[in-house]
**Student:** 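This is the structure I have questions about; it appears just below.
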Amino acid sequence: MPELPEVEVVRRGLDDWVVGRTVESVQVVDPRSVRRHLEGPTDFSATLTSTRITSAVRRGKFLWMILDGLETPSALVAHLGMSGQLLVEESSATDEKHLKVRLQLSPEAEKPAELRFIDQRIFGGMFLSPLVSTVDHLPGGVGSEIPVIPKAAAHIARDVLDPASTPETLFVALRKRTTQLKRAILDQQVISGVGNIYADEALWAAKLHGLRSTATIRRPDVVRLHTALVDVMDRALAAGGTSFDALYVNVNGASGYFDRSLNAYGREGKACQRCAEAELTSLIRRDPFMGRSSFSCPRCQRKPRP
DNA sequence: CTACGCGCCTGAACGC
DNA sequence: TGCGTTCAGGCGCGTA
């Protein structure tokens with residue numbers, strides 16, 4: 001599943017292969033993938049056709065391409081959801097089983113002709129959204145101007161890799177909430193780009209339990225947590241950024257990081273490596289959380305008293 | 001207003 | 001073996 005580092009790899013791929021080109025035609029193969037375009041698939045295709053893509057931008061897991069040539073300045077927003085892919089391919093390439101949207105791009109030497117959106121589970125999608133100019137009042141950018149951001153992504157906070165996101169802004173945002181720590185860092189309006197996997201990894205690295213209350217969280221805890229979040233994203237980006245075929249903007253959302261470097265997520269019943277290095281034995285446990293799972297070490301992530 | 005839980009989807013993995 | 005059930009996940013939205 002694509003998390004923030006994978007989406008950043010996709011954004012860089014769009015920079016290399018798509019930016020500067022014009023959309024010559026659009027084929028919506030499955031209208032469900034453009035359901036967030038409220039004017040419908042026909043309008044989506046018609047409006048997007050003949051626009052020129054001038055840049056590729058990301059915030060959290062939202063990705064968008066700024067479009068030139070529309071009366072209302074807008075972006076083509078893409079969210080990969082659980083299983084989305086953006087692939088740059090020659091027109092002759094066989095249609096993928098879950099091909100949802102196909103963009104034919106203006107010809108350019110050495111560059112394939114199509115940008116394809118593929119999505120098995122349809123949690124993701126593409127849509128057009130007008131650019132809004134707004135003061136960023138959200139945590140991470142108090143008072144700073146955001147010149148252009150799609151209306152559909154204007155409500156989310158700065159993400160983990162944004163320089164404007166700091167331990168202090170995270171601390172302020174957390175203290176404004178009355179909830180549990182893991183719920184809060186999964187809330188895009190607190191800090192964006194953190195999914196279930198990296199939430200567990202960062203909490204483990206920071207030795208914090210996800211059930212800790214945000215109301216009583218202390219600065220040193222948040223400094224460790226923010227550092228851990230940045231670190232886990234950086235490491236995944238370093239791993240993911242090198243493991244992709246040049247022609248693919250992304251491959252299956254998979255990151256080499258997942259297989260080798262997870263310390264908590266998915267490791268139920270396995271030894272906590274940090275405890276093992278201290279010659280202690282502690283097994284990672286799994287607990288139900290929001291209808292899903294949380295993984296943690298019962299020894300180095302102390303559960304708060306109820 | 002905030003906090004919380006559901007529904008959207010498919011297919012792999014599982015149980016009877 | 002085959003068929004039904006469960007699970008995974010982000011995010012928008014409805015409800016309390």
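Only heavy atoms go into these numbers, but all of them, side chains included; no hydrogens, no water, no symmetry mates. All values derive from a computational prediction rather than experimental measurement. Residue numbering restarts at 1 for every chain, and letters A, B, ... go by the order of the sequence lines.
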**Student:** Send over the distance from A:I197 CD1 to C:dG10 P, rounded to a whole Å.
**Tutor:**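 Taking CD1 of A:I197 and P of C:dG10, I get 7 Å after rounding.
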**Student:** A:R58: which residues meet the side chain to side chain donor-acceptor pair (under 3.5 Å) condition with it, sequence neighbours left out?
**Tutor:**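 Partners of A:R58 by the side chain to side chain donor-acceptor pair (under 3.5 Å) criterion, ordered by chain and then number, come out as A:E8, A:D159.
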**Student:** Using five pairs at each end of the helix from B:dT2-C:dA16 to B:dC16-C:dG2 to define an axis, what is the angle between those two axes, to 10°?
**Tutor:**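 Axis angle across the helix from B:dT2-C:dA16 to B:dC16-C:dG2, nearest 10°: 60°.
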**Student:** To the nearest Å, how far apart are A:K151 NZ and C:dG12 C1'?
**Tutor:** 15 Å
**Student:** C:dC11 P sits how many Å from A:I185 CD1, rounded?
**Tutor:**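 In whole Å, C:dC11 P and A:I185 CD1 are 14 Å from each other.
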**Student:** Please list, chain by chain and in numerical order, all residues satisfying side chain to side chain donor-acceptor pair (under 3.5 Å) with A:R177, sequence neighbours excluded.
**Tutor:**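 Checked A:R177 against side chain to side chain donor-acceptor pair (under 3.5 Å); matches are A:D187.
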**Student:** Closer than 4.0 angstrom, basic N to acidic O: yes or no for A:D16 and A:R12?
**Tutor:** no
**Student:** Whole angstrom is fine here: how far is it from CZ in A:R175 over to P in B:dT2?
**Tutor:**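 After rounding, the gap between these two atoms is 18 Å.
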**Student:** Can you tell me the distance, in whole Å, between the NE2 atom of A:H155 and the P atom of B:dC1?
**Tutor:** 15 Å
**Student:** Could you tell me how far apart A:I191 (CD1) and C:dC11 (P) are, to the nearest whole angstrom?
**Tutor:** 14 Å
**Student:** NZ of A:K111: more than 12 outside heavy atoms within 6.0 angstrom?
**Tutor:**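 Yes, enclosed.
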**Student:** Applying side chain to side chain donor-acceptor pair (under 3.5 Å), name anything that partners A:E24, two or more places apart in sequence or on another chain.
**Tutor:**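 Side chain to side chain donor-acceptor pair (under 3.5 Å) check on A:E24 returns nothing, list empty.
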**Student:** All N/O contacts under 3.5 Å from nucleotides 13-16 of chain C to the protein, with atom names and distances to one decimal?
**Tutor:**
none

**Student:** A:H37 has an atom NE2; how far is it from atom P of C:dG12, in whole Å?
**Tutor:** 17 Å
**Student:** Under the side chain to side chain contact (heavy atoms under 4.5 Å, CB included) test, which residues partner A:A199, sequence neighbours left out?
**Tutor:** A:K182, A:I185, A:L186, A:V194
**Student:** Side chains of A:T47 and A:H37: is there a donor and an acceptor less than 3.5 Å apart?
**Tutor:**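 Per modelled atom types, A:T47 and A:H37 side chains form no pair under 3.5 Å.
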**Student:** Is A:I122 linked to A:V10 within one hydrophobic cluster, defined over Ile, Leu, Val, Met, Phe, Trp and Tyr using a side-chain heavy-atom separation of less than 4.5 Å?
**Tutor:** no
**Student:** Could I get the full list of side chain to side chain contact (heavy atoms under 4.5 Å, CB included) partners for A:T49, not counting sequence neighbours?
**Tutor:** A:V26
**Student:** Side chains of residues 68-78 of chain A: which donor-acceptor partners sit under 3.5 Å, not counting sequence neighbours?
**Tutor:**
| residue | atom | partner | partner atom | Å |
| --- | --- | --- | --- | --- |
| A:S74 | OG | A:T72 | O | 2.8 |

**Student:** Using the ring of A:W64 (Phe, Tyr or Trp, six-membered ring only), decide whether A:R59 places NZ or CZ under 6.0 Å from its centre and within 45 degrees of its axis.
**Tutor:**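 Output no; distance or angle outside limits.
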**Student:** Return the set of residues passing side chain to side chain donor-acceptor pair (under 3.5 Å) with A:R285 (not counting sequence neighbours), or none when no residue passes.
**Tutor:**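 Partners of A:R285 by the side chain to side chain donor-acceptor pair (under 3.5 Å) criterion, ordered by chain and then number, come out as A:D287.
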**Student:** What does the list of N/O pairs under 3.5 Å between the protein and nucleotides 8-10 of chain B look like, with a distance for each?
**Tutor:**
| residue | atom | partner | partner atom | Å |
| --- | --- | --- | --- | --- |
| B:dT10 | OP1 | A:R32 | NH1 | 3.1 |
| B:dT10 | OP1 | A:R32 | NH2 | 3.3 |
| B:dT10 | O2 | A:R121 | NE | 3.1 |

**Student:** Can you tabulate the close N/O pairs, meaning under 3.5 Å, that link protein atoms to atoms of nucleotides 3-5 of chain B?
**Tutor:**
| residue | atom | partner | partner atom | Å |
| --- | --- | --- | --- | --- |
| B:dA3 | OP1 | A:T178 | N | 2.7 |
| B:dA3 | OP1 | A:T178 | O | 3.3 |
| B:dA3 | OP2 | A:R177 | NH1 | 3.4 |
| B:dC4 | OP2 | A:T179 | OG1 | 3.0 |
| B:dG5 | OP2 | A:R183 | NH2 | 3.4 |

**Student:** Grab the CD-P distance between A:Q189 and B:dC1 for me, whole Å please.
**Tutor:** 11 Å
**Student:** For A:Q188, give me all partners under side chain to side chain contact (heavy atoms under 4.5 Å, CB included), at least two apart in sequence or on another chain.
**Tutor:**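 Here the qualifying residues are A:F62, A:I156, A:S192.
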